[in-house]
Protein chains: 2
Amino acid sequence: MQKKYLNIYHDLVKKIEMNVWPAATKIPSENELSKIYATSRETIRKALNLLSQSGYIQKIRGKGSVIIGVNKFDFPVSGIISFKELTANLNLKAKTWVEELSLKDIDDEEIAGLKEPGHDNVWKVVRAREISGEKIILDKDYFSTKYVPSLSQKVCEDSIYDYLENELELVIGFARKEIVVEEPTEEDRQLLDLEGFSNVAVIKSQVYLADASLFQYTESRHRPDKFRFVDFARRIKN
Amino acid sequence: MQKKYLNIYHDLVKKIEMNVWPAATKIPSENELSKIYATSRETIRKALNLLSQSGYIQKIRGKGSVIIGVNKFDFPVSGIISFKELTANLNLKAKTWVEELSLKDIDDEEIAGLKEPGHDNVWKVVRAREISGEKIILDKDYFSTKYVPSLSQKVCEDSIYDYLENELELVIGFARKEIVVEEPTEEDRQLLDLEGFSNVAVIKSQVYLADASLFQYTESRHRPDKFRFVDFARRIKN
DNA sequence: TGCAAGAACATGTATATACAAGTTATAATA
DNA sequence: TATTATAACTTGTATATACATGTTCTTGCA
């Protein structure tokens with residue numbers, strides 16, 4: 001199927017990012033948009049609700065939908081996005097060092113959920129990320145072998161998510177992320193250019209497929225001066 | 001108006017948190033729910049979409065909606081929530097020290113958006129938060145005097161958000177949050193029990209009303225060992 | 001018995017209608 | 001002219017219908 005509302009959403013995102021409607025101005029009304037896209041008002045509303053959730057617009061009853069323009073030149077870390085997508089969006093020169101790619105049986109609390117009957121081994125991938133000549137991020141990924149039967153050095157150097165979604169055709173659903181500040185481990189000190197910093201910012205993520213099965217655990221360990229996490233949140237009224 | 005779908009959403013949240021449906025089990029189907037609540041399927045779907053957005057359920061096509069149960073005993077920091085709501089949810093014994101409450105004309109980049117013609121002054125509120133006998137959070141709030149004409153010591157000791165929403169009847173819309181790690185300022189060292197930590201985790205928030213006008217800027221400065229931020233994210237497919 | 005087709009049921013998408021409720025511009029009135 | 005009432009337009013909620021598409025169970029056939 002075509003999924004009109006998704007097409008309309010992506011088209012509107014493109015227009016917003018091309019500044020067709022500057023920040024704080026109104027986009028066309030739902031009725032106008034339904035004429036423009038030759039569809040029903042309900043379909044337009046589905047697209048607009050997506051825009052609202054992702055922080056592009058604010059809907060104001062009786063008035064219209066205004067462009068928020070707060071995500072504009074920003075670090076889009078909230079949400080689920082791969083390192084490759086991230087650096088591409090921001091036009092960053094980045095380099096990835098694959099420090100480890102192994103298949104092992106790990107006894108760890110965070111990893112436990114990745115094991116399934118007949119799949120005791122998990123993939124462990126350790127990658128250092130270099131930006132502007134400095135190694136400032138250490139990504140430690142663990143994948144369930146049930147959903148990711150094979151993995152290659154080449155894939156890890158390029159983009160694992162691209163491989164998962166386009167080759168293995170896994171459908172990523174949602175993630176639970178936790179941000180904490182920790183003391184650097186010996187591994188952090190060896191693999192990163194920590195320059196004497198006494199803390200690292202860590203994003204720990206559990207990533208689930210669309211059928212709600214856990215398939216990945218990740219620790220993304222950042223040098224604190226280069227760490228930045230941006231979030232968009234709405235107040236749920238009662 | 002009654003807003004059926006919101007009532008149904010809150011009722012289902014309550015049931016989920018009371019463990020009526022354990023994690024990884026299915027809730028009743030949309031058709032069953034529409035009979036239970038004596039409403040249309042579309043209204044049920046609006047409630048379920050809210051549950052899905054807030055990370056309570058995962059909808060699986062053809063199968064049903066399963067309880068995720070990942071937010072269960074968790075630190076609900078993502079989203080917009082007041083310190084009082086937070087500590088109440090977690091049953092924490094907390095104490096607030098109002099260190100400053102003043103009205104002044106501040107020339108600062110982050111504050112600039114709070115000023116409006118005829119309202120050059122902004123409220124500045126500095127509060128230290130004590131949990132389990134340790135001062136570990138320093139909240140620095142700035143409010144636009146256009147939307148918050150008056151503010152009292154008593155309100156700051158209790159809950160500013162409660163005052164804003166229930167007394168002033170302001171409707172909070174959305175917020176842009178940024179998490180970074182910084183070196184402690186002299187103020188941090190004086191007002192918090194930093195115990196030699198050489199970093200603080202900082203959440204910088206710009207909070208907007210439902211009509212998209214900026215009315216608050218906040219810096220919430222946390223001792224790194226006590227800092228934790230939990231986020232729920234969905235992958236937006238293309 | 002084993003497999004396959006189909007029925008029954010699940011969620012997803014698209015459309016239509018009706019009315020509620022907030023905002024703004026217009027027109028009528030004092 | 002100034003104020004008020006109204007009309008026109010905005011988004012929000014509730015409902016109904018139809019069909020698409022994915023999953024599961026049952027039935028019937030080989």
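Predicted model, so just to flag it, every value in this text is computed and none were measured.
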**Prompt:** Would you find a donor on one side and an acceptor on the other, under 3.5 Å apart, between the side chain of T43(B) and the backbone of T39(B)?
**Reply:** no
**Prompt:** dT13(C) C1' sits how many Å from N49(A) CG, rounded?
**Reply:** 15 Å
**Complete:** From NZ of K3(B) across to P of dA14(D) the rounded distance in Å is 9 Å
**Heavy-atom donor-acceptor pair, Q58(B) side chain to A210(A) backbone, under 3.5 Å** = yes
**Separation of dA20(D) C1' from Q2(A) CD (nearest whole Å)** = 14 Å
**Asked** Is the Lys NZ or Arg CZ of R176(B) less than 6.0 Å from the centre of Y208(B)'s six-membered ring, within 45° of the axis?
**Response** no
**Request:** Measure from the side chain of K4(A), starting at C-beta and using heavy atoms only, and say which of dT15(C), dT13(D), dT13(C) lies closest.
**Result:** dT15(C)
**Request:** Please work out which residues in residues 36-45 of chain B have a non-hydrogen atom less than 4.0 Å from an atom of DNA chain D and list them by number.
**Result:** T39(B), S40(B), E42(B), T43(B)
**Prompt:** Which class fits the ring pair F215(A) and Y161(A): parallel under 30°, tilted 30 to 60°, perpendicular over 60°?
**Reply:** tilted
**Request:** Assign each of E32(A) and R61(B) to its nearest nucleotide of DNA chain D by heavy atoms, then name whichever residue's nucleotide is nearer the 5' end.
**Result:** E32(A)
**Asked** NZ of K63(A) versus C1' of dA25(C): gap in Å, rounded?
**Response** 14 Å
**Item:** Side chains of D11(A) and Y37(A), donor plus acceptor under 3.5 Å
**Value:** yes
**Prompt:** In whole Å, what is the span from the CG atom of N31(B) to the C1' atom of dT11(C)?
**Reply:** 10 Å
**Message:** Salt bridge or not between R41(B) and E32(B)? Use side-chain N to carboxylate O under 4.0 Å.
**Reply:** no
**Message:** For K26(A) and G64(B), find the nucleotide of DNA chain C closest to each by heavy atoms; which residue's nucleotide sits nearer the 5' end?
**Reply:** G64(B)
**Request:** Rounded off to whole Å, could you give me the CG-to-P distance for the D211(A) and dT11(C) pair?
**Result:** 16 Å
**Item:** Pair D158(A) + K84(A), salt bridge at N-O below 4.0 Å
**Value:** yes
**Asked** Hey, does the side chain of D139(B) reach the backbone of R127(B) with a donor-acceptor pair shorter than 3.5 angstrom?
**Response** no
**By side-chain contact (heavy atoms from CB on, under 4.5 Å) - contacts of E85(B) (at least two apart)** = R235(A), I81(B), S82(B)
**Asked** How many Å lie between CG on L50(B) and C1' on dT13(D), as a whole number?
**Response** 13 Å
**Message:** Between P on dT15(C) and OH on Y5(A), what's the gap in Å once rounded to a whole number?
**Reply:** 13 Å
**Asked** If each of S65(A) and K46(B) is mapped to the nucleotide of DNA chain D with the nearest heavy atom, which maps nearer the 5' terminus, i.e. the 5' end?
**Response** S65(A)
**Message:** For a quick check of understanding: with a heavy-atom distance under 4.0 Å over all strands, which category does I60(A) fall into, base, sugar-phosphate or nothing?
**Reply:** sugar-phosphate
**Asked** What bend angle does the helix from dT1(C)-dA30(D) to dA30(C)-dT1(D) show across its length, from five-pair end axes and to the nearest 10 degrees?
**Response** 10°
